[in-house]
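Note that the structure is a prediction, hence the values are computed from the model and not measured. Chain naming here is simple, since letters A, B, ... match the order of the sequence lines and numbering starts at 1 in each.
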Number of protein chains: 2
Amino acid sequence: MSAKAVKLADVAKAAGVSQGTASNVFSRPELVRAEVRARVEETARQLGYRGPDPRGRLLRAGKVNAIGVVVSDDLTYFFNDPFNREFMIGLASACDERGAGVSLISAANRATAAWSVETALVDGFIVQCMEDGDRLVELARKRGLPFVACDIDPGGEASSIRIDDRGGARMAAEHLLALGHRRFAILSLELRNDGRVGLVDRARRVSAEYAGTRDRLLGYGDAFAKAGIDIDTVAIVEAFNDPAGAAEGAAALLDAARDATAVLAMSDVAAIALLAEAKRRGIAVPQQLSVIGFDDVPEAAASSPRLTTIRQPIREKGRRAGALILAGGETRHELLPVQLIVRGTTAAPFAA
Amino acid sequence: MSAKAVKLADVAKAAGVSQGTASNVFSRPELVRAEVRARVEETARQLGYRGPDPRGRLLRAGKVNAIGVVVSDDLTYFFNDPFNREFMIGLASACDERGAGVSLISAANRATAAWSVETALVDGFIVQCMEDGDRLVELARKRGLPFVACDIDPGGEASSIRIDDRGGARMAAEHLLALGHRRFAILSLELRNDGRVGLVDRARRVSAEYAGTRDRLLGYGDAFAKAGIDIDTVAIVEAFNDPAGAAEGAAALLDAARDATAVLAMSDVAAIALLAEAKRRGIAVPQQLSVIGFDDVPEAAASSPRLTTIRQPIREKGRRAGALILAGGETRHELLPVQLIVRGTTAAPFAA
DNA sequence: CTGTTAGCGCCTTCAG
DNA sequence: CTGAAGGCGCTAACAG
C-alpha cells in the first residue's frame, strides 16, 4: 500500500510551508495561524501522514519517558512471582502518576542480557533481583543512566532501596523464642550465585554473598545468640525461591530437622511451600510446628492457617524506586522498616 | 562530572580513526583489525564513552524490538488482574524466545492516552481490553504499526485473537441444564462503556456493545432457548470485573434472584466473588446453589469449592498475540477453542 | 580492512 | 508568525 512512510518534510512541501511550520502544527499548534494549520492538517490527512515519528523526536529530545526494570529471570517472572508482582504494582502506580511507561527487561539469557540492557530505550533502570545482581548493576551503570538497585548493595554511586533485613529476621526469631521455642530450622534463600541448594554447613553459611540472605541469617543469629543458642546447631536448607524449589527445600528441611519445633522461612513463598509439605506429612501447624515467613505477600494472608510473617513495604519499595528514577536519579540510599505480623502459624511449642 | 556525553565521533577523532571504523568497533568488531580495535576501545574507556547510544541506532534502523501492550486501566491492572497476568505470561514467553522486550502502556487517563500510544517506542501494539477498545484500536491503527486486538473486533485490516465466546457460554448453560437446573441467574461483565452496573433489563441487554459480553449472553440464550427458557425471565446483573465490583454485583444478584438454583458468571473473578458472597449468606455451594465461571484462571482451581468453569487458553492467546507482532504483523484472525472444566461448584439442584 | 559521506525524522534556534 | 539551516548519534554504502 504505502511504498514509503510519508514524513514531515513531505507534508510541509505538499502544503507549501516550511518544515519548521509543519512541525509546529503537530507539536505546538498554538504557534501557527489557524488557516495554515488547517491546510497542513488537511494535506497530512490526504497524504496519510501518521503524525510525528517518536524516533525522530526521541533523538532530538533525549527523553524516553519510560523506566526499565531488569530481572535476571524470564519475563514471566514479573507476573508469576508474588513478591515481584507487588513490587511492580507499586512501581506502576508511581509511573501512572507521572505518565511514564514501564519496560520489562529480562537478563535471563546471559548471552543477550548485555545487549538487552545496552539497547533498552529507557530513562533509567531498576534492578530488582539478587541473582546476578552485580553483573546487571554493572551493565546498567555503564549505560550512564540513573538506576536504583533494590535489595542489593550496588556499591559506588548508585541509589538503592533496601529493607532492614537483619532487624526483621531478628524480630522473627525473637517472636518464636518468646513463644518458648528452642529448636529451630531455617529455610533459606540462596546464599550465592552458584546454583547450589540443600543443607548448609558452617563454611557455606559464612560464605553468603547475597546481602539480603546474609543479613537475615545474621538477624536470626543475633536473636539466637541472645538466647544462648549456637546457630551452628540449627539446620539450614538453602532453596530456590519459587514454588518448586521451595517445595524441595521444605521436604529436605523437614527430613533434616525432625526435632525442630519452629521453622524460620526467609520468604513467604518458601513458608507456604513448607506449610504444604507439613500438611502432606500430617504435621499440624502451629500445634506441632510453628512457621514464620518473610515479606507478607498477599498470599500470606490467604494461606491456611494464615501465615505469621515479617512484613516489608513491597509496594512502597516499588513506588519509591520509580519515583527516584523519574525524579532524575539523584543518588539516595533508603532503608525501609519491617514489622512483625502475627497470624495463625506460630504458637507455643507442643512440648515446651 | 561529565559536562557533555561523549559520543562516537569524539572517540573516533581521539583515536585517530574514522567514525565508521569506530562504529564497527562496537557493532561489528570482527571487521576491525585487532590492534585498531584495541586502540579505539582504550580511548573510549579513557574518554568514558558509554557505548553506542540506542537512540541514534534506533533512528537509523527503525526497529525497536519491543511490543507495546495497551490497556485501558492503570498499569497496576497488569499485575492485579489474574486473567491479564496469565495473558502477559504467555506474551512474555513469546517475547523471551525472540529476545524482545515488553512495554506496558496505560490508557487510563483519557487526556494522555493518545499521547502515550502515539509516542510509545514499540514495533507493534497489542490491545488487550474491551473497555474503550475502539478508541485504542483507532489510536494504534493510526500509528501505522502492526497491532493485534484481543477479545475485541478491531474491524478493518487488523489482526485479532478471540475465543469462541458464544460456544463457551452455551456449554456452560448446557452443563447446568443437563444437571437439571431450570432457574438461572447471570453475573455479567459490562455490556457497554458507560459505567452502569446493576440489574439489566431487556433494552439494556440487547444494547450490548462489548463483543465478548454480547456473545456470551447469546450463548447462554442459545442453550436456554433450546430448553424452552425465556432469557428475559432470568435475572442479569452487570458488574465491573474486579474483586470489589464483582462482590457488589454478586450481592445484588443474590438479592434479585432468590429462587435461582444456578448462577452463570462471565468470569472467574466474578464467580469467585459470588462464592464468597454465598458463603457469607450461608448458602451452600453446590448443594443449594451451583456456580460456573468463565476463563479458568489459576485461582479457579484453588477456590473452595474448586470452581467449575469454561477454560480458555489464556497464555496461548498471549503467545500468539506476541508471535503475530514479532512476525511482522500479517493480518490474521484467530479463534481459539474453549472447554468445559467440571469441578466442585456445580451439582444437581437441591429440589430438582 | 579503513575512510568518506549521506542520511534516518525531527525539532529548535535564529533571522526575517 | 514563517523560513532556512544545523544537528541529535549512529550506521550503511561505497570507494579506496
Side-chain angles (χ1 to χ4, degrees), chain A residues 2-41 43-44 47-65 115 118-121 123 143-145, chain B residues 2-41 43-44 47-65 115 118-121 123 143-145:
Chain A
S2 57
K4 199 101 172 69
V6 12
K7 57 192 177 194
L8 192 56
D10 303 331
V11 176
K13 196 186 302 176
V17 298
S18 81
Q19 191 175 326
T21 303
S23 171
N24 284 335
V25 169
F26 294 102
S27 303
R28 318 168 68 187
E30 70 280 6
L31 293 188
V32 182
R33 206 177 351 141
E35 77 192 55
V36 177
R37 198 192 324 153
R39 179 155 45 94
V40 172
E41 280 167 347
T43 31
L47 263 45
Y49 179 60
R50 304 187 179 289
D53 184 327
R55 297 193 305 253
R57 188 192 324 247
L58 174 63
L59 184 53
R60 198 86 187 62
K63 191 99 178 311
V64 182
N65 206 36
W115 190 81
E118 280 160 6
T119 63
L121 288 156
D123 298 318
R143 268 296 287 279
L145 295 176
Chain B
S2 58
K4 200 102 173 69
V6 13
K7 56 192 178 192
L8 192 57
D10 303 331
V11 176
K13 195 186 301 176
V17 298
S18 81
Q19 193 175 325
T21 302
S23 171
N24 284 336
V25 168
F26 294 101
S27 303
R28 318 170 70 189
E30 69 281 7
L31 294 187
V32 181
R33 199 172 6 131
E35 77 193 54
V36 177
R37 197 190 326 151
R39 179 156 45 94
V40 173
E41 281 167 346
T43 32
L47 264 45
Y49 180 59
R50 304 187 179 288
D53 185 326
R55 297 191 307 248
R57 177 182 290 163
L58 173 62
L59 183 54
R60 200 81 194 36
K63 191 98 177 314
V64 182
N65 205 36
W115 190 82
E118 281 160 6
T119 62
L121 288 156
D123 297 319
R143 268 294 289 277
L145 295 175

Fill in the blank from the handout: Minimal heavy-atom distance between R37(B) and P29(B), with the atoms involved, is NE-O, 3.5 Å
Practice task
Show the numbers, then the answer: is there a side chain to side chain contact (heavy atoms under 4.5 Å, CB included) between N65(A) and T119(B)?
Solution key: CA-CA 9 Å; N65(A) 206 36; T119(B) 62; over 6 Å; no
Fill in the blank from the handout: Those residues at least two apart in sequence (or on a different chain) that pass salt bridge (charged side-chain N to carboxylate O under 4.0 Å, His left out) with R55(B) are D53(B)
Exercise for the section: Measure the NZ-NZ distance between K13(A) and K7(A) for me, rounded to the nearest 0.5 Å. Expected result: 9.0 Å
Handout entry: Of R28(B) and R55(B), the one whose closest DNA chain D nucleotide lies more 5'
Key = R55(B)
Exercise for the section: For F26(A), report the nucleic acid contact type (base, sugar-phosphate, nothing); a contact means any heavy atom under 4.0 Å. Expected result: nothing
Exercise for the section: Could you list all the side-chain hydrogen bond (donor to acceptor under 3.5 Å, both in side chains) pairs where at least one residue sits in residues 27-36 of chain A, not counting sequence neighbours? Expected result: R33(A)-E35(A)
Completion exercise
Tightest non-hydrogen contact, residues L121(A) and L58(B), listed as CD1-CD2, 3.7 Å
Problem - L31(B) CG - dA12(D) P separation (whole Å) - result: 10 Å
Practice task
In whole angstrom, give the distance that lies between atom CZ of R39(A) and atom P of dC1(D).
Solution key: 15 Å
Problem - Difference in axis direction between the ends of the helix from dC1(C)-dG16(D) to dG16(C)-dC1(D), five pairs, 10° - result: 30°
Exercise for the section: Measure the distance from CZ on R57(A) to C1' on dG9(D) and round it to the nearest whole Å. Expected result: 18 Å
Exercise for the section: Decide yes or no for Y49(B) and L8(B): does some side-chain heavy atom of the first lie under 4.5 Å from some side-chain heavy atom of the second? Expected result: yes
Handout entry: Nearest-Å distance for atom pair CG/P, residues L58(A) and dG9(C)
Key = 14 Å
Problem - Distance (rounded to the nearest 0.5 Å) between R57(B) CZ and K63(B) NZ - result: 13.0 Å
Practice task
Look at S18(B) and dT4(C) and indicate whether a side-chain polar atom (N or O) is within less than 4.0 Å of OP1 or OP2.
Solution key: no
Practice task
Taking only the side-chain heavy atoms of S23(B) (C-beta and beyond), determine which of dT11(D), dG3(C), dG3(D) contains the nearest atom.
Solution key: dT11(D)
Completion exercise
To the nearest angstrom, the CZ-P distance between R50(B) and dG9(D) comes to 13 Å
Nucleotides 5-7 of chain C: which of its N/O atoms have a protein N/O under 3.5 Å away?
unit_1 : atom_1 : unit_2 : atom_2 : d
dG7(C) : N2     : R60(B) : NE     : 2.3

Problem - Inter- and intrachain pairs under side-chain hydrogen bond (donor to acceptor under 3.5 Å, both in side chains), touching residues 14-24 of chain A, at least two apart - result: S18(A)-T21(A)
Problem - For atom CG of L59(B) and atom C1' of dC11(C), their distance in whole Å - result: 12 Å
Exercise for the section: May I have the distance from L8(A) (atom CG) to dC8(C) (atom C1'), rounded to whole angstrom? Expected result: 14 Å
Problem - Of the listed nucleotides dT2(C), dC10(D), dT11(D), the one nearest the side chain of T21(B) - result: dT2(C)
Problem - OP1 or OP2 of dG9(D) under 4.0 Å from side-chain N/O of Y49(B) - result: no
All N/O contacts under 3.5 Å from nucleotides 14-16 of chain C to the protein, with atom names and distances to one decimal?
none

Handout entry: Side-chain (R39(B)) to main-chain (A15(B)) donor-acceptor, under 3.5 angstrom
Key = yes
Exercise for the section: Give the minimum heavy-atom separation between V11(B) and L47(B), together with the two atoms involved. Expected result: CA-CD2, 4.0 Å
Completion exercise
Taken to the nearest whole Å, CG/N24(B) to P/dG3(C) is 10 Å
Problem - Test log, rule side chain to side chain contact (heavy atoms under 4.5 Å, CB included), inputs V17(B) and V36(B) - result: CA-CA 8 Å; V17(B) 298; V36(B) 177; 3.9 Å; yes
